[in-house]
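Read through the structure below, which is laid out as C-alpha cells, and then see the notes.
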Amino acid sequence: MCGIVGIFDLKKKAEDLRQQALDMGKRIRHRGPDWSGIFLSDKAILVHERLSIVDPTSGKQPLFSKDGNLVLAANGEIYNHKDLRKTLKEPYEFQTESDCEIILALYKEKGPAFIDDLDGMFAFALYDQTNDAYLIARDHIGIIPLYMGWDKFGNFYVASELKALEGYCNKIQEFLPGNFIY
C-alpha cells in the first residue's frame, strides 16, 4: 500500500502550494513509510508515500520517463507488467523494475487507451508535462481507494485517503472504480 496526492489545474503558484502538498502527504505517510517523494512544476504537484514491495531499491516515486516529460505517482500493483513490457511496439527505456513503470510506457505508446490492458489493483496520477495533461485512473473493482476534491481557488486534487483532502478542499467526492479523467 502506498499513498498519493496530486494537485492539478493550479490557480495558485506551485511553490505556494508545496508545503501544503507535503503536509497532505504526511497525513497519509502511514500508507508508505519507506520513502517520500515530490514532483513540483508550474502546472502540477505529485506527492508519493511509498511502501517498498516491488523493486525496493530503484522504484522510488514519483517515477519519470527517461526524458522526464512523464511523471507518475501510483498506488497498487500491476500484475501483468512483465507481459505488457513484451507487447510494446515502441522502444521504451525503463528506469526501474517497478511494476508501475509500465504505465508510463503504455501511456507514451497508446495514450489513455491502455487502461483496460492493466490487470491489477491501482490508483494513479500521471502528469504529461509536454502536453500539460493529466491522467487519473482507478482499478475497475475499486480495491485501491482514491478521492478527488476542489478548493476555493479551483485547484483540483486527488488523494489516496479522504483525510489528506479535508481542510483543504471545500468539495470532495470518491473517485469511482473503473473511471479515469484525462
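In this chain, residues are counted from 1 in sequence order. Reckoned from all heavy atoms, side chains included, excluding hydrogens, waters and symmetry mates.
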query: So, Asp99 side chain and Ile78 main chain: donor-acceptor pair closer than 3.5 Å or not?
result: yes

statement: Which of His48, Gln61, Glu49 passes side-chain hydrogen bond (donor to acceptor under 3.5 Å, both in side chains) with Ser36? It is Glu49

message: Would Asn69 and Lys108 count as a side-chain contact (heavy atoms from CB on, under 4.5 Å) here? Give the steps.
response: CA-CA 10 Å; Asn69 289 325; Lys108 189 171 184 177; over 6 Å; no

query: Do Arg85's NZ or CZ and the ring of Phe94 fall within the cation-pi criteria of under 6.0 Å and 45°?
result: yes

- request: Using modelled atom types only, decide if a donor and an acceptor are shared between the side chain of Asn75 and the backbone of Cys2 within a distance under 3.5 Å.
  value: yes

message: On a heavy-atom basis, which atom in Arg138 and which in Pro145 lie closest, and how many Å separate them?
response: NH2-CA, 3.7 Å

task: Indicate, with yes or no, if the rings of Tyr134 and Phe8 have centres closer together than 6.0 Å.
output: yes

query: Are Tyr157 and Gln20 linked by a side-chain donor-acceptor pair shorter than 3.5 Å?
result: yes

query: Within the distance-only criterion (no hydrogens, no angle test), does the side chain of Lys11 pair as donor or acceptor with the backbone N or O of Asp9 below 3.5 angstrom?
result: yes

message: Through direct or indirect side-chain contacts below 4.5 angstrom among Ile, Leu, Val, Met, Phe, Trp and Tyr, which residues connect to Phe153?
response: none

field: Donor-acceptor pair, side chain of Asp139 and main chain of Ile144, under 3.5 angstrom
entry: yes

task: Check for a donor-acceptor pair, side chain of Asp128 on one end and backbone N or O of Leu70 on the other, with a separation under 3.5 Å.
output: no

query: Any idea which heavy atoms bring Lys163 and Arg27 closest together, and the distance?
result: O-NH1, 2.7 Å

message: Tell me the closest heavy-atom pair linking Pro62 and Gly37, and the distance in Å.
response: CD-C, 3.7 Å

task: Classify the ring geometry between Tyr107 and Phe114 as parallel (under 30°), tilted (30 to 60°) or perpendicular (over 60°).
output: perpendicular

- request: To the nearest 0.5 angstrom, please state how far the CG atom of Leu165 sits from the NZ atom of Lys171.
  value: 13.0 Å

message: Under a 3.5 Å distance rule, please check whether Gln95 uses its side chain to pair with a backbone N or O of Glu93 as donor and acceptor.
response: yes

